[in-house]
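In what follows, a structure is listed as C-alpha cells, so that the remarks can point back to it.
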Amino acid sequence: MDRNIDCATAINEATEQCMKKYKNVFIFGLGVPDPKGIFGTTTGLQKKFGNQRVFDMPLAENGMMGVAVGAALNGFRPIITHQRIEFALLSMEQIINQAAKWNYMTAGKQKVPLVIRMIVGKGWGQGPQHSQSLESLFGHIPGLKVVMPFSPKDTKGLLISSIEDNNPVVFIEHRWLHSIKQKVPKSYYKIKIGSGRIASKGNDISLISYSYGIFECLKASKILKEKFNISSEVVDLRTIRPLDKNIILKSAKKTKRILAVDNSWKSFGVSAEIISLITDNLKTKDIKKIARIGNVEVPCPSTRALAKDFYCNYISIVNKVLEMLGSKKKYLKKNNLNDDVPDKSFKGPF
Amino acid sequence: MNKNLNKIYSKMIRIRMIEQKIASMYAEQEMRCPVHLSIGQEAVATGVCSQLKTNDIVLSAHRAHAHYLAKGGDLKKMLSELYGKENGCVMGKGGSMHLADLSAGFYPAVPIVGSTIPIGVGVAFANKMKKNSNITCIFLGDGSTEEGVFHESLDFASLKNLNILFVCENNFYSVYSPMNVRQFENRSALNLAKSHGLQGNRGDGSSIIEVIKKTKNGINYIKKNKKPFFLEFQTYRFIEHCGPNNDDNLKYRDKSEIEKWLDKDPIKLIEKYMSKKNKKFIFEKEKIISKINLEIKKSFNYAKNSKFPSSKRLKEHLYG
Ligand SMILES: Cc1ncc(C[n+]2csc(CCOP(=O)(O)OP(=O)(O)O)c2C)c(N)n1
Ligand SMILES: [Mg+2]
C-alpha cells in the first residue's frame, strides 16, 4: 500500500521497520528522543523500543562515534545521528581512520555495520557553520559508502539498505527535503546502494545531480521544456560512493551533453567526479559539451541578501544549459530575498 | 555603592529588554537567522564582564548576545547583524551565532559547541608569550563540558599557567536534553576542572551580587598566581533553546523546576535588593528603563533602515 508521506516520516518508518526486524539495531544521537525527534525522523521510536535501543547522548561526537564503531564490531548495527553535518566533523578521526579502514586492515575479520546520519542545513541565515554540504569529504574515502537520496521513496529504501549493509554508510539528508511528500510503499523494501535512477527522461542534455540538487534540476528541466523547448534528462545518483557508472555513461552517451550539478562547491566535488568518470570512459567524439556547476566558492553567508546569490539553483542551471547549447537566449528571473525558505510554512529558526 | 549598583542593574535590565524586544520582533520574519536568547541568564554575563577591562578578551558560543552586550559590544551593530545588514558587526555574514566586536574585546563567537574553548586558550597562550597579562574569559555551557576539547583545553591551560577565567553557565540543559541523559549522576564541571589542575568556585548565577563577588576573587587569584581559574554558575534559560518562544508546552522541563527559577529571576532579585537599600530606587528604575527603551527603539530603527550588503560582498574576505 502506498501513502503520501514526507521524507522525515519515511526515515522514521524505515528505522522502525528495521528495529522490528533486527534486534541488534539501535539508534542514538543528540536529541533523538527529544520532543522534536530530529525533525520528526525519530519521533515515537523511544516509546516503541525503549531507552536501551533509542537514546540521547553526551555532547561528545568524537567519543560517541567510536562507541558506535565498537558496538558495531561486537554484534550491533548502530545508527548515529547528527542534526548538522558540521557536528559530525568532530568525529572524523573515528569515521575515516577507524570505521572506514577496519574491515580492510583486519583482512575482513571484523566488519563495521553502522549508519551515520547527517543533515545538510540551508536557509534562514544558517550561515557558514550550519549549512555545508560536505559529502565530498566522505566520498573521497575508500571503505565508506555515501548515500544522498532525494525522494521519500528512495530515502526509505536506501536507509533500509544502509542499515542492512555490513559497512559504514554515511547517510546524508537535506533539511529542505524532509518535508517533501511522495507516495511511499508501507512495506519493507530496499533500494540498492550505488544505483541511480532517471528522474525525468530527455534527449538534448543530461543534468546529473543528487539530493536537493535534484529538486533544482527538475524545476530547471520543466522551465527548459516549457520556455525554451529543450528536452533535458535528470539523473538522480542517489548514492555518491559508489557512483552508478552505468547510468551516468548511458545518459551521457544518449544526450552527448552533460551538466553535472553539485550540491556543494564544485572544486574537488561530486560534480568533478562525474565529469572525470565520463571523460575517462567516453571518446571525445561522443561528448559535445560537458560542464559542471555548483555554489560560489566562499563560505555560505548568513544574510539572505548574500546567500541568495551563493547557491546554485534552477535559474543558474537553466542559464548554464542555454549557454552550453549555444542559445543566445537568457532566463532572466532574479534570485529572490525570500528564497531562504523552502516554503511559507518554514519559519526557522533551525 | 548605590550608583555602582544602579549601573550594574541598568546593564542587566538592558540585556533583558533587548532580548525581549528581539523575541517580540522576531515574528516579523525580518531577523532571519537562528537566535539563542539569554533571557534568565543575564546576571552571569553582566556580573562577570563587569569585572573585566576592555582589553581583556571574552569568547562565547551560540548563546552570545548577553556576553557581547555585557562586554560592551555595539548594540546597533548587533541588531544590524541579526537583520543581515551591511553595517552588522560582521556585515551580515554571520548572523546571531557569529557576533564579534573586537574594539570591545569580544572575539568572534561561533555555534559549534566547544570550539571557542581551545581558541580562547590559544588567545591566552599568545598573550603569555607576548608578556601581556590581560585576562581571557571563556564562557561555556554545561553541554560543552562533555566535548573532548573542553578537557584537552583545560589541561593545556593548566600546564602553561595561562591567565584564563573559564565561566561555565550551567543551565542544566543542552537543547531539550536534561543532565541525566548526558552525564553520570553528580558529575560536576568544577570537580573536573580541579582534576585538570585548576582552582575554581561555584555559585548561584541568579544573584548578580554573588557572581560579582566570586568573579572578583577568581580574577584576583589569576592575577596573583598567574594561573587559570574556573567558575561554575547555576542559571536557567527562561524560553526555548533556539527561537523567540516559550516552549514549556513541550514539557521537557518540570513545571516546579521552571517556577523555582522564575522565582529567582535575576532581575527580580536585584530589584528586590535595591528597593530595600534605596528608597528612591523605584523612581530611578523608571528613568533607567525609559532611557533604555529609547536606545532600543533607535537601535532597531537603525538596523531595520540599514542597507543589505551589496552582492559584491559575497566574494570578499575569503582570504586575508
Ligand atoms: C559540536 C556541536 N554539536 C551539536 C550542536 C548542536 N547544539 C547547538 S547548541 C547545543 C546545546 C549546547 O548546550 P550548552 O553547552 O549547555 O549551552 P546552552 O545552549 O545550554 O546555553 C547543541 C547540542 C552544535 N552546535 N555543535
Ligand atoms: Mg546548557
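By convention in this document, chain letters (A, B, ...) are assigned in the order of the sequence lines, proteins followed by strands, and residues within each chain are numbered from 1.
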query: Short question: side chain of A/Thr303, backbone of B/Gly84 - any donor-acceptor pair under 3.5 Å?
result: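 The answer is yes, because a donor-acceptor pair under 3.5 Å joins these two groups.
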- prompt: At their closest point, which heavy atom of A/Gly125 faces which heavy atom of B/Pro34, and how far apart are they?
  reply: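 Minimum heavy-atom separation between A/Gly125 and B/Pro34: O-CD, 3.6 Å.
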field: Exercise: identify the closest heavy-atom pair between A/Asp56 and B/Val181
entry: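 The pair with the smallest heavy-atom distance is CB-CG2, 3.7 Å.
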Is there a side-chain contact between [X] and [Y] in this structure, where contact means two heavy atoms from C-beta onward sitting under 4.5 Å apart?
X        : Y       : result
B/Val175 : A/Gln83 : no
B/Ser177 : A/Leu30 : no
A/His130 : B/Met97 : yes
B/Tyr252 : A/Lys36 : no
B/Ile112 : A/Leu90 : yes

- request: Find the distance between NZ (B/Lys93) and CG (A/Leu306) and round it off to the nearest 0.5 Å.
  value: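 Reported value, rounded in 0.5 Å steps: 6.5 Å.
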- request: Look up atom OG in B/Ser311 and atom CG in A/Asp309, then write down how far apart they are to the nearest 0.5 Å.
  value: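 It is 5.0 Å, given to the nearest 0.5 Å.
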Partner chain A: residue of B/Gly88, B/Gly148, B/Gly143, B/Ser115 with the largest heavy-atom pair count (under 4.5 Å):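 Looking at each of B/Gly88, B/Gly148, B/Gly143, B/Ser115 in turn, B/Gly143 comes out on top.
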message: Between B/Glu81, B/Lys85, B/Lys315, B/His98, who has the most heavy-atom pairs with chain A when the cutoff is under 4.5 Å?
response: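 Top option by heavy-atom pairs under 4.5 Å: B/His98.
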Pair B/Glu147-A/Glu61, side chain to side chain contact (heavy atoms under 4.5 Å, CB included): steps then yes or no: CA-CA 7 Å; B/Glu147 294 285 7; A/Glu61 288 84 355; 2.6 Å; yes
- request: For atom OH of B/Tyr107, decide whether the heavy atoms of other residues, nucleotides or ligands shown that lie under 6.0 angstrom number more than 12.
  value: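 Not more than 12 within 6.0 Å, no.
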